[in-house]
Amino acid sequence: GEYYDEGEFASFKDAVEAIISKRNVMRDFRKNEEDLIVVKKHLLDNQRTLPQWGIAEFLPPKESASNNNNNEGGSSSSKKEDADAVVPYAKQKLRQRSETYLHRTGLTPHQHKLATILLAHLADHCAKNSSPGPLHVAWEKVLEAGCTPLSRTLSTYLYVLGLEGEKDDACEERDIVAEVATLHDALYEPTEKTTTLLIKSLVSRGDAAGAESLLSTIADGPLGETLRHRTTSPLLQLYCAKGEIGSALRLYHKMRTTSRVKMDAGTYADFIAAVAEHGYFGKDSECIVGAEDLGYYNNQGEEVGGGSSVGGAGGACGAELMDALIAEMAEDVLDIEEASARVLRDGFAKGCEETTLSATTTTTMEPAVTSLLDEGTLVAHRVAIDNTTARCPATDATLRLITIEDSQRKHVHDTLLVMAREKSIEYTARLAAKGRSTADNAEKAEQATRILTEFSEWLDSRDGEPYTTIVDGANIAYYGWGRVNVHQLMHMVDALEKQGENVLVVFPKKYTWKKFHLRKGVVQVLKEEELEFLEGLEEKGKMYVVPPMCLDDLYWMLASVSNQTKSANGRTIHVPKNNTQGRFPGPRPMVISNDKMRDHKMDLLDERAFRRWCCSHIVNYDFEEFIEDHTEERAIHFRAADVFSDEIQGNAVDGGGGRTVWHFPVSEWDGNERFCLRLPA
């Protein structure tokens, strides 16, 4: 019978004609152009020469495989031998198929080899043109003729066929992508990509046992360290959809303990919502079978990981299990998307009897709750946290400001010293590219580190009151202008001092000169009153002038983590909430800057610690526009450092019976809004 409908075969024919005209393809047929005519004729024949064979025909019979694996306690070496046996079997079956094909068609072995090469060129052509259609016919030709494609060719097939995206599996009789991956793994070493595709194929057919069996085989072999989230998550989703929560928990635990598997927020939310939907977080719920074997057992009163101040090692069911799972999520995830918030809301609403919530039917969450909800009901709502008290209106829980640890502060300090040298080298390299003198580059780099070290030592050894606010002087002076506005800096210092802050301005030496270049062709001259202000700041110890060839960003960042040992003298300089002086609450010193620190973020800290540092120390600002005179004093609007952290966290509530209230930042919502979860009393 025919291979495909006329339209699909026509695209295959056009692709073959196109590649035959290419010079690099013609080189493969330079010895005998008659071979090209013969090979082309057979490839473009729309009639089958041999009965159709599926991919299973090239694999060992399942009975043989099951007999070889009856003894599950067999050694790993024997299992490897069983797997290795597949390869010669597949090659043998391909050879038998090709011999039959040659006998039926009259092709020579050389012509058969050229056909295989031509189909490889076809794969490259389809990849270049992002055209997967012709490969459907080409794959049938490969199986019919018993071709043995190279590993690279099969990988190209997988890439191109993958461009078609997900299909409606219910309407698909065959999964050609899975067939290509299967043949690849029967001939060559499996890869993470082929394993992922095969697991997705098994999952699409609802074969969870087959998918986990394959995953276990891979996990125990050399590919175990290369497993990724995309390989394992389809099976986890299937277990959750089928309500097999014990199997889902077992796989989830395996995913979390595999170094290369980095679970995302959506996967965590889907899994936790599935556990909730099946009632395992209820007061009288049954325990998940096998949970205790994975380390989820009765509450031990220890601190739960991530952002929680309560909880313990976990439990096999109930609130302890919920706290343990969300705490694990909080270790890896900082926030969630609104879609995940809806998934969590729906899962808990379906699995909790003590609620009036129902599954959402809209694409957005309801408005934020503004009043206290009853202790006996489930809270799975959007809430707006008070920016002053950090209080949750729905549960009366108070969110915490989680700051960086002492070890992380030291890491920032030490990293900045290293960066001083690196940035100096980068700067001198840019000068060299412009043809400017760069003599003694190494000495200048070491000098940059030494000067920053001296600044650090000065902060720790100076007398007087500790600095409570560090001002990024260049950022303030440049803000909204194409030049340095010293008056703007003056107004900033005045405003901060009126709020009771002890200010240190970090300012580049260049901008303290009477005349300096701003950029090519532009020179700025400071007025006497501007120079006097800057000189006055320095004389009073309120400004640190950063020498030339040094990056001022490193200085104000280092000052934010300085202990200021002598001036602080063991005192805390942090400002409590609701202080009577009207000062911004939070850790000190705070930093006044609108710098996004894109150039330094990844060098300083991991994402979680960097976010904690920014939330607790960085204060953004804005000036009202001047009307006539740019030197006039203008109102300054500050966006104070946060009073609660911008990450998932759990907190106990007074009188809450030991329950934890969890709050999740949602990326699409306002900065003070959270998705709130609390089980009923």
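Note that these values count all heavy atoms, side chains included, but never hydrogens, waters or copies made by symmetry.
Between K262 and D332 there is no salt bridge, since no side-chain N of the basic residue sits under 4.0 Å from a carboxylate O of the acidic one. Classification of R608 and E331 as a salt-bridged pair fails, no side-chain N sitting under 4.0 Å from a carboxylate O. At a threshold of 4.0 Å, the pair D646-R611 counts as salt-bridged, since one of the basic side-chain nitrogens sits closer than that to a carboxylate oxygen. Contact check on D460 versus K566 returns no salt bridge, with no Lys/Arg side-chain nitrogen under 4.0 Å from an Asp/Glu carboxylate oxygen. At a threshold of 4.0 Å, the pair R571-E465 counts as salt-bridged, since one of the basic side-chain nitrogens sits closer than that to a carboxylate oxygen.
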* Given the rule in the side-chain contact (heavy atoms from CB on, under 4.5 Å) test, do I476 and N594 qualify, once you have shown the distances and angles that lead to the verdict? -> CA-CA 8 Å; I476 277 77; N594 286 338; over 6 Å; no
* To do: Under the side-chain contact (heavy atoms from CB on, under 4.5 Å) rule, what do V275 and F271 come out as? Steps first, then yes or no, please.
  => CA-CA 6 Å; V275 179; F271 171 65; 3.8 Å; yes
* Apply the test side-chain contact (heavy atoms from CB on, under 4.5 Å) to residues V561 and I404: give CA-CA distance (whole Å), side-chain angles for both, the deciding distance (0.1 Å), then the verdict. => CA-CA 9 Å; V561 296; I404 58 174; 4.2 Å; yes
* Asked: After noting the C-alpha distance and the side-chain angles of E328 and Y252, does the key distance pass the side-chain contact (heavy atoms from CB on, under 4.5 Å) rule?
  -> CA-CA 11 Å; E328 289 175 345; Y252 159 85; 2.5 Å; yes
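Ring pair W662/F664 is tilted by interplanar angle, where 30° to 60° counts as tilted.
Heavy atoms of other residues, nucleotides or ligands lying less than 6.0 angstrom from CD of Q499 number more than 12. Heavy-atom contacts from other residues, nucleotides or ligands closer than 6.0 Å to NZ of K514 number more than 12.
A donor-acceptor pair under 3.5 Å is absent between the side-chain atoms of S424 and the main chain of R421, judged by distance alone. Between the side chain of E446 and the backbone N or O of E443, no donor-acceptor pair lies under 3.5 Å. Checking side-chain atoms of N579 against main-chain N and O of Q581 turns up a donor-acceptor pair under 3.5 Å. Using modelled atom types, one side-chain atom of N672 and one backbone atom of I385 make a donor-acceptor pair closer than 3.5 Å. Under a 3.5 Å cut-off, the side chain of E497 and the backbone N or O of V503 do not form any donor-acceptor pair. Between the side chain of E624 and the backbone N or O of I636, no donor-acceptor pair lies under 3.5 Å. Proximity of a side-chain donor or acceptor of R400 to a complementary backbone N or O of V643 within less than 3.5 Å is not detected. Remark: the backbone N or O of T389 is paired with a side-chain donor or acceptor of D386 at under 3.5 angstrom.
In this structure, NE2 on H574 lies 8.5 Å from OG on S616, to the nearest 0.5 angstrom. Summarising the geometry, atom CZ belonging to R409 is positioned 6.0 Å from atom CG belonging to N563; distances are rounded to the nearest 0.5 Å. We find the CD-CG distance between Q649 and L399 to be 4.0 Å, quoted to the nearest 0.5 Å. In this structure, CZ on R678 lies 4.5 Å from CZ on R659, to the nearest 0.5 angstrom. Note: T232 OG1 to M255 CE = 3.0 Å, rounded to the nearest 0.5 Å. To the nearest 0.5 Å, atoms CZ (F348) and CG (L679) are separated by 6.0 Å.
Between V333 and A265, the shortest heavy-atom contact is CG1-CB, 3.6 Å. Of all the heavy atoms in K510 and L518, the pair that sits closest is NZ-O, 4.4 Å. Across every non-hydrogen atom of A269 and L344, the tightest pair is O-CD2, 3.6 Å. For the residue pair C676 and H663, the shortest heavy atom distance occurs at SG-NE2, 3.5 Å. Shown here for V379 and A394, the closest heavy-atom pair between the two residues is CG1-CB, 4.4 Å.
Between T660 and D323, the side chains place a donor N or O and an acceptor N or O closer than 3.5 Å (distance only, hydrogens not considered). For the residue pair D622/Y479, the side-chain donor-acceptor check at 3.5 Å is satisfied. No donor-acceptor contact under 3.5 angstrom links the side chains of Q408 and D406, judged on distance only. T468 and E501 share a donor-acceptor pair across their side chains, judged by distance under 3.5 Å alone. At a cut-off of 3.5 Å, with distance as the only test, a side-chain donor of W669 or E338 sits close to an acceptor on the other residue. A donor-acceptor contact under 3.5 angstrom links the side chains of S560 and W613, judged on distance only. In summary, the side chains of R634 and Q488 do present a donor paired with an acceptor at a separation below 3.5 Å, with no hydrogens or angles considered.
Pairs passing the ring pair (Phe, Tyr, Trp, His ring centres under 6.0 Å) check and including a residue from residues 514-547, sequence neighbours excluded, read F455-Y544, W458-Y544, Y511-F516, Y544-Y555.
Residues meeting the salt bridge (Lys or Arg N to Asp or Glu O under 4.0 Å) test with D642, sequence neighbours left out: R639. The side-chain contact (heavy atoms from CB on, under 4.5 Å) search around A380 returns R345, L357, L378, F675, L677, not counting sequence neighbours. Shown here are the side chain to side chain donor-acceptor pair (under 3.5 Å) partners of T267, two or more places apart in sequence or in another chain: H229, D264. For S593, the side chain to side chain donor-acceptor pair (under 3.5 Å) partners two or more places apart in sequence, or in a different chain, are D472. Scanning for side-chain contact (heavy atoms from CB on, under 4.5 Å) contacts around S567 gives R462, P466, Q564, with sequence neighbours left out.
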